[in-house]
Amino acid sequence: MKKFKTESQKLLDLMINSIYTNKEIFLRELISNASDAVDKLHFKSLTDKSIDEKFEIFIKSDKKARTLTVSDNGIGMNKDELDKNLGTIAHSDSMNFKDKDEIDIIGQFGVGFYSVFMVADKVEVTSKAYGEKSAYVWKSDGVKGYTVDEGTRKSRGTDVLLHLKEGEEYDKFLEEYTLTDLIKRFSNYVRYPIKMEVTKSRKKDDSDEYEDYTEIDTVNSMVPIWKRKKSEVKKDEYAEFYKSNFHDFADPLMHFDIHAEGTLNYDALIYIPSVAPFDLYSKEYKKGLQLYTSNVLIMDKCEDLVPDYFNFLKGVVDSPDLTLNISRETLQQNSELAAIARRIEKRVNKELTKMCESKREDYETFFKNFGRVIKFGIYSTYGAKKDDLADLLLFYSARNKKMVTLKEFVKDKPKYIYYAAGTDTNQLAKMPAVTTLQNKDIDVLLLTEDIDEFCIQAMMNYDDIEFKNVASGDLDIDSEEDKKKTEKLNKDNEKLFKKMKKVIGVDVKITNRVTDAPACISAEGPVSFEMERVMAETPGANDVTATRVLELNPKHKVFKVLKEADDKKLKLYSQLLYDQACLVEGLPISDPVEYAKNVSKLMV
């Protein structure tokens with residue numbers, strides 16, 4: 001018996017118990033090795049026409065003997081190659097072949113084979129090299145070492161026979177369902193047919209009853225949909241691939257593909273769902289695209305391929321140029337991924353913009369499902385991504401009574417982008433400040449999602465036009481003459497306003513913000529009423545309060561009544577007016593019972 005030609009047991013133990021996080025990976029590794037062996041012979045067949053091209057990989061399980069066999073009719077190995085490739089841990093003949101001949105070979109590190117010892121306590125590799133007369137058998141328990149002896153195999157190729165460990169967690173690897181599932185999940189697009197005996201059902205002759213039977217069948221698809229010519233793939237095939245691969249019941253809203261050749265080669269097939277997943281906004285939701293290398297699944301959800309603001313994307317990326325870590329489960333470095341991710345992000349933005357311009361109904365469906373994610377992308381990057389994402393935003397226009405883009409909103413070059421934030425467009429449209437602006441033929445965006453104002457404030461402006469909340473500060477719609485009149489009225493009524501502030505606890509002043517209502521509430525400072533509401537509903541958030549101001553309409557009859565009221569009536573009127581203004585703004589009042597009593601006092 002020979003010992004392994006490295007630091008032996010410590011390294012082997014590390015690979016078996018530490019490198020791989022999932023026992024199921026062993027089958028992917030064996031199939032990938034088999035595919036590499038067939039690749040090498042296929043490459044040789046390009047110049048040696050005596051080689052037949054009926055290449056295949058075969059899987060066979062024996063429950064009684066507790067064995068699983070992975071066979072191929074590839075190039076095979078002679079005695080020296082078995083000793084070198086399997087006796088030296090981390091030696092990769094495939095990698096040498098790849099460097100030499102520059103063809104697509106999956107194997108890179110030569111450690112994948114040893115993943116078999118996660119599930120097997122003994123392994124036998126019988127191989128006959130192409131052009132050789134003799135076959136040889138490599139045997140090992142993964143502990144003491146290995147032996148290489150002469151064996152028997154009729155034709156070229158390799159059989160890897162696993163004696164599975166005892167226990168329920170290993171029994172499943174003998175089951176037809178588990179094996180077909182693993183093949184389809186990890187190796188579905190290996191370019192050669194992977195065959196095994198499968199159970200099928202058929203009608204008995206002259207009977208309505210069904211019977212089970214078995215036959216050898218090809219389990220994998222071989223050619224992935226993203227590598228087929230677009231002209232050869234029907235729309236419903238793309239939809240079926242999406243639904244089966246990403247477990248969605250609905251057809252995708254759209255899809256597109258990317259084929260890149262050059263310094264970095266890769267193929268990508270990207271989908272935008274038509275329905276948001278139920279857990280999209282939960283902590284459990286995990287973004288990412290499926291990552292393949294040379295048609296073999298490496299990661300089911302590679303998070304580095306999509307930014308958070310496009311976390312709804314589904315799809316696959318397949319590249320032979322990725323630098324994988326030793327287990328082929330993750331990447332050694334992410335420079336290649338970063339380059340692919342940038343290209344995907346740019347293309348997604350382009351496709352969404354095109355949809356918004358040419359298929360508005362579809363885009364509004366998309367935005368209803370995922371617009372919140374894009375808004376949060378602007379907010380969470382403190383506005384750094386606004387140039388990339390701003391044109392994807394939709395908000396409700398008070399004038400047009402429909403969703404509009406910011407580009408559409410500013411086409412007439414307004415002085416400000418006015419907006420009102422709340423929970424309902426109908427209620428916002430009735431706000432005194434909104435109606436005042438509408439009477440002046442000035443449009444207002446009505447924002448109804450809790451993220452909206454945070455997004456707007458992070459952007460600060462769009463196309464160099466400042467955003468302005470109609471409930472905060474001066475609307476800047478008065479002429480210089482009107483401003484002087486307002487200033488004089490505020491000075492002339494200082495005593496009245498001080499008395500009212502003593503009753504309601506907030507500053508009082510004259511405004512031209514409203515035309516029909518007697519008064520309105522505004523917020524001074526960086527915190528708006530909507531931000532106050534959102535923060536109050538956010539668990540664990542600090543208490544944030546907007547600075548309220550009661551603004552009076554000097555042209556309304558109520559203002560004259562306030563000026564003529566005695567102290568008792570002024571107290572009643574001030575509280576009523578303040579509570580009324582809060583209700584119109586959609587704000588809670590401090591004491592609803594007291595408000596009801598005050599209303600009753602006016603009726604008797």
Side-chain angles (χ1 to χ4, degrees), residues 276 281 356 360-376 378-379 389-412 414-459 461-462 465-473 475 477 513-517 519-523 527-538 546 548 551 580-589:
Y281 298 107
C356 184
R360 190 54 168 262
E361 188 175 340
D362 285 350
Y363 188 77
E364 290 193 14
T365 297
F366 157 79
F367 199 78
K368 184 178 180 181
N369 287 322
F370 306 112
R372 182 186 184 87
V373 178
I374 296 175
K375 294 172 188 175
F376 189 78
I378 294 176
Y379 168 68
L389 303 177
D391 285 335
L392 300 178
L393 299 176
L394 291 180
F395 296 109
Y396 190 84
S397 161
R399 174 193 291 166
N400 298 298
K401 294 181 173 54
K402 65 178 183 179
M403 302 295 280
V404 299
T405 65
L406 291 174
K407 185 182 289 187
E408 292 165 345
F409 187 86
V410 302
K411 65 180 180 181
D412 295 329
K415 185 176 183 181
Y416 297 103
I417 301 175
Y418 291 101
Y419 70 90
T423 57
D424 179 76
T425 55
N426 290 326
Q427 182 179 340
L428 289 173
K430 296 174 183 176
M431 286 176 56
V434 174
T435 56
T436 296
L437 290 168
Q438 288 283 278
N439 289 338
K440 292 180 177 290
D441 197 29
I442 298 174
D443 199 3
V444 182
L445 294 178
L446 308 182
L447 315 183
T448 56
E449 282 198 317
D450 52 12
I451 187 64
D452 284 349
E453 192 168 9
F454 292 90
C455 171
I456 289 293
Q457 290 205 359
M459 291 175 65
N461 61 71
Y462 174 80
I465 302 174
E466 180 187 342
F467 290 100
K468 185 176 282 289
N469 190 333
V470 299
S472 300
L475 291 180
I477 56 176
R513 185 189 299 273
V514 292
T515 52
D516 299 326
C520 70
I521 292 288
S522 67
V527 180
S528 69
F529 296 135
E530 178 63 9
M531 294 176 73
E532 176 187 299
R533 182 188 68 79
V534 172
M535 297 302 287
E537 295 176 357
T538 303
R548 302 185 183 194
E551 300 191 9
Q580 183 188 57
C582 286
L583 290 173
V584 170
E585 194 71 36
L587 300 170
I589 56 179

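Residue numbers start at 1 and run along the sequence shown. Note: hydrogens, waters and symmetry copies are ignored here, and every other heavy atom, side chains too, is used.
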Polar side-chain atom of Tyr363 near backbone of Leu392 as donor-acceptor pair, under 3.5 Å:
yes
Between Asn469 (side chain) and Ala471 (backbone), is there a donor-acceptor pair under 3.5 Å?
yes
Between Arg372 and Asp450, is the closest basic N to carboxylate O distance under 4.0 Å?
yes
Considering non-hydrogen atoms only, spot the tightest contact between Ile521 and Cys582 and give its length.
CG1-N, 3.8 Å
Ignoring hydrogens, what is the shortest heavy-atom contact between Gln427 and Gly586? Give both atom names and the distance.
NE2-CA, 3.1 Å
Rounded to the nearest 0.5 Å, what separation is found between the CG atom of Asp412 and the CD1 atom of Ile442?
12.0 Å
For residues 437-457, which residue pairs qualify under ring pair (Phe, Tyr, Trp, His ring centres under 6.0 Å), counting only residues two or more places apart or in two chains?
Tyr379-Phe454
Exam field: side chain Tyr418 to backbone Leu475, donor-acceptor pair closer than 3.5 Å
yes
Closest approach of Val527 to Ala523 (non-hydrogen atoms, all atoms of both residues):
O-CB, 3.8 Å
Name all residues meeting the side chain to side chain donor-acceptor pair (under 3.5 Å) criterion together with Glu449; count only those two or more places apart in sequence or in a different chain, and write none if there are none.
Lys375
Spacing of Thr365 atom OG1 and Phe370 atom CZ [to the nearest 0.5 Å]
10.5 Å
Any idea which heavy atoms bring Met431 and Ala420 closest together, and the distance?
SD-CB, 4.0 Å
For the atom pair CG (Leu393) and SG (Cys455), what is the distance rounded to the nearest 0.5 Å?
5.0 Å
All N/O donor-acceptor pairs, side-chain side in residues 399-411, below 3.5 Å, sequence neighbours left out:
residue	atom	partner	partner atom	Å
Arg399	NH2	Asp441	O	2.8
Asn400	ND2	Ser397	OG	3.0
Thr405	OG1	Glu408	N	3.0
Thr405	OG1	Glu408	OE1	3.4
Glu408	OE1	Arg360	NH2	3.0
Glu408	OE1	Thr405	N	2.9
Glu408	OE2	Arg360	NH1	2.9

Over all atoms of both residues, closest heavy-atom pair of Ala429 and Val434
O-CG1, 3.8 Å
Residues Ala519 and Pro432: closest non-hydrogen pair is O-CG, 4.3 Å
Could you check whether any side-chain heavy atom of Glu551 comes within less than 4.5 Å of a side-chain heavy atom of Val514, counting everything from C-beta outward?
no
Backbone N/O of Lys468 and side chain of Ser472: donor-acceptor pair under 3.5 Å
no
Between the CD atom in Glu453 and the CG atom in Leu447, the distance rounded to the nearest 0.5 Å is 7.0 Å
May I ask you to check whether over 12 heavy atoms, not counting those of Phe367, lie within 6.0 Å of atom CZ?
yes
Only residue of Ile456, Leu428, Asp443, Asp452 satisfying side chain to side chain contact (heavy atoms under 4.5 Å, CB included) with Tyr419 is Ile456
Roughly how far, to the nearest 0.5 Å, is the CG atom of Asp391 from the SG atom of Cys356?
8.5 Å
Rounded to the nearest 0.5 Å, what separation is found between the NZ atom of Lys415 and the CD1 atom of Ile465?
12.5 Å
